[in-house]
Amino acid sequence: MKEFALIDILTKRFGTKGAGFSLGIGDDCAHLVPESGVTQLVTTDMSTNGVHFSDRFCTWENIGRRVVAVNLSDLAASGVDPSLPMILFLSVAVSGEITSDQLTSFIDGVDSCIKTYGASVAGGDTTAINGPFTVSVTAIGYSRNPVNRSGALPGDLLAVFGNIGMAGAGFEILDTGRPTTGLEELTRAYCCPTPLLKIGHELAKSSLVRGMLDLSDGIFQDAGHLARQSGCDLTLHIDKLPVHPKAISELGEEKAFRIGAGFGDDYALAAAITPKDLETAAAIAQKNNTPFTVVGEFQEGTGNVRGFLRGEPYSLRSGGYEHKLGK
Ligand code: ADP
Ligand code: MG
């Protein structure tokens with residue numbers, strides 16, 4: 001497919017105006033009409049075939065959903081108000097091997113995900129690439145109660161909203177070619193993550209989370225960011241991680257928990273909560289049908305994470321997901 005044919009499809013699909021913007025696809029700039037008196041949140045995430053997802057086992061529609069969902073998850077972790085405009089810019093680098101049908105399915109996935117969560121696409125960029133299919137999404141949202149990673153205090157608890165290790169188990173099952181029947185919850189978690197927008201917003205609004213982030217690179221590493229940026233150490237109880245029972249029964253306990261701690265792609269929310277607010281936080285989780293688990297405690301320190309498995313010190317063989325850049 002040629003560039004302008006794609007832009008034509010995108011224009012028809014996503015329109016040229018929407019909530020929070022008076023001009024979208026089709027001009028040199030999109031014209032955003034920002035909400036007044038609220039903090040504007042902006043995030044960008046780039047994903048590449050073979051690194052962040054794989055068309056070997058995710059459908060192109062799933063890939064479209066996924067690239068939107070991971071950006072909305074960053075907005076959720078920052079306390080975005082999902083009832084205010086959420087505006088996306090979608091840049092794609094497309095290699096010669098990608099068929100028009102695959103591109104169309106990808107756009108179907110983007111479209112279906114933005115409709116699910118009430119977001120819009122207001123622009124982007126398109127290029128050919130001599131390499132794997134790569135997508136960069138920039139997402140803009142608004143919040144009256146923005147949250148960051150630096151508010152945890154010594155004595156706070158680390159709580160997880162959502163499940164851990166499902167996507168990692170799903171990837172392991174797909175990558176090793178095991179039968180997926182009965183394990184679709186896991187494989188879907190990898191190909192099609194769910195951004196926890198509603199609960200992220202409620203937590204931010206309630207002001208009972210002091211620091212929050214979404215778990216994209218494995219809780220061992222991600223919770224370390226929360227600790228370091230808050231000027232704390234963290235004790236992390238690996239055996240308490242909310243690893244899905246199906247992941248444990250399929251992969252065995254040792255592997256399921258190792259994947260849970262280190263693989264990433266969970267898109268659960270991890271937050272620092274003071275012990276007296278625990279019940280209120282649990283009630284918000286219950287109202288949103290979201291698992292709620294306390295998995296650690298913050299202490300005075302400088303960002304060290306000490307993992308324990310049933311009281312024994314625990315470390316990851318590799319340290320969570322970190323890209324190797326260049327040589
Ligand atoms: P320019 O040459 O001025 O950069 P482009 O030809 O790259 O403009 O893009 C034309 C219009 O199409 C712009 O409004 C841009 O935002 C939009 N656009 C291009 N690629 C995409 C894409 N992948 N997704 C959404 N909008 C896109
Ligand atoms: Mg361009």
Side-chain angles (χ1 to χ4, degrees), residues 1-35 40-55 58-76 80 82 84-142 191-195 197 216 267 323:
M1 191 186 298
K2 290 220 166 136
E3 178 183 353
F4 294 129
L6 177 66
I7 293 175
D8 217 34
I9 292 173
L10 293 164
T11 311
K12 288 200 182 94
R13 185 66 77 97
F14 298 126
T16 54
K17 56 168 128 15
F21 60 104
S22 56
L23 185 60
I25 298 176
D27 220 299
D28 289 319
C29 289
H31 295 192
L32 268 55
V33 186
E35 300 287 308
Q40 188 172 37
L41 308 168
V42 183
T43 180
T44 295
D45 243 315
M46 181 148 59
S47 322
T48 293
N49 194 9
V51 179
H52 302 87
F53 54 80
S54 174
D55 68 340
C58 295
T59 66
W60 282 86
E61 183 170 5
N62 284 164
I63 294 169
R65 291 190 65 89
R66 187 178 202 288
V67 299
V68 172
V70 301
N71 278 274
L72 295 182
S73 176
D74 279 324
L75 290 182
V80 77
L84 295 176
M86 293 188 292
I87 302 167
L88 307 178
F89 292 84
L90 172 76
S91 297
V92 292
V94 188
S95 69
E97 282 113 64
I98 309 292
T99 67
S100 298
D101 282 352
Q102 288 170 329
L103 263 186
T104 310
S105 298
F106 168 78
I107 295 163
D108 287 343
V110 169
D111 196 21
S112 126
C113 196
I114 64 169
K115 291 214 168 86
T116 303
Y117 299 106
S120 316
V121 172
D125 201 16
T126 303
T127 181
I129 188 176
N130 183 15
F133 181 72
T134 297
V135 189
S136 173
V137 176
T138 298
I140 296 171
Y142 299 93
C191 292
C192 246
T194 303
L197 284 162
S216 50
Y267 302 103
H323 295 279

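Residue numbers start at 1 and run along the sequence shown. Counting convention: from 1, in listed order, for ligands and their atoms alike.
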| task | Carefully, step by step, assess Asp45 and Val137 under the rule side chain to side chain contact (heavy atoms under 4.5 Å, CB included). | result | CA-CA 6 Å; Asp45 243 315; Val137 176; 5.7 Å; no

| field | Short side-chain to backbone donor-acceptor contact, Ser91 and Phe89, under 3.5 Å | value |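 Checked: no pair found.
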
Atoms in ligand 1 flagged as close to [X], the criterion being non-hydrogen separation under 4.0 Å:
{"X": "Thr126", "value": "19 (C), 20 (N), 21 (C), 22 (C), 23 (N)"}
{"X": "Gly123", "value": "16 (O), 24 (N), 25 (C), 26 (N), 27 (C)"}
{"X": "Val92", "value": "23 (N)"}
{"X": "Leu10", "value": "21 (C), 22 (C), 23 (N), 24 (N), 25 (C)"}
{"X": "Asp28", "value": "3 (O)"}

| Under 3.5 Å: N/O of Ile25 near N/O of ligand 1 |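 Min N/O separation from ligand 1 is not below 3.5 Å for Ile25.
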
| said: I'd like to check whether Leu6 has a polar contact with ligand 1, where a contact means an N/O of the residue lying under 3.5 Å from an N/O of the ligand. | reply: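 Leu6 vs ligand 1: no N/O contact under 3.5 Å.
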
| message | Give me each pair satisfying ring-ring contact (aromatic ring centres under 6.0 Å, His included) with a member in residues 1-26, each pair once, sequence neighbours excluded. | response |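 Residue pairs passing ring-ring contact (aromatic ring centres under 6.0 Å, His included), neighbours aside: none found.
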
With a 4.5 Å limit on heavy-atom distance, are the side chains of [X] and [Y] in contact?
{"X": "Trp60", "Y": "Asp101", "result": "no"}
{"X": "Phe106", "Y": "Val135", "result": "yes"}
{"X": "Thr194", "Y": "Tyr267", "result": "no"}
{"X": "Arg13", "Y": "Val110", "result": "no"}

| said: Heavy atoms only, cut-off 4.0 Å: how does Asp125 contact ligand 1, side chain, backbone, both, or neither? | reply: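 Both backbone and side chain of Asp125 come within 4.0 Å of ligand 1.
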
| said: Counting only heavy atoms closer than 4.0 Å, does ligand 1 sit against the backbone of Asp27, its side chain, both, or neither? | reply: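 For Asp27, only backbone atoms sit under 4.0 Å from ligand 1.
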
| query | Given Val121, Leu103, Leu90, which one has a non-hydrogen atom that is nearest to atom 23 (N) of ligand 1? | reply |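 Residue with the shortest heavy-atom distance to the ligand atom: Leu90.
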
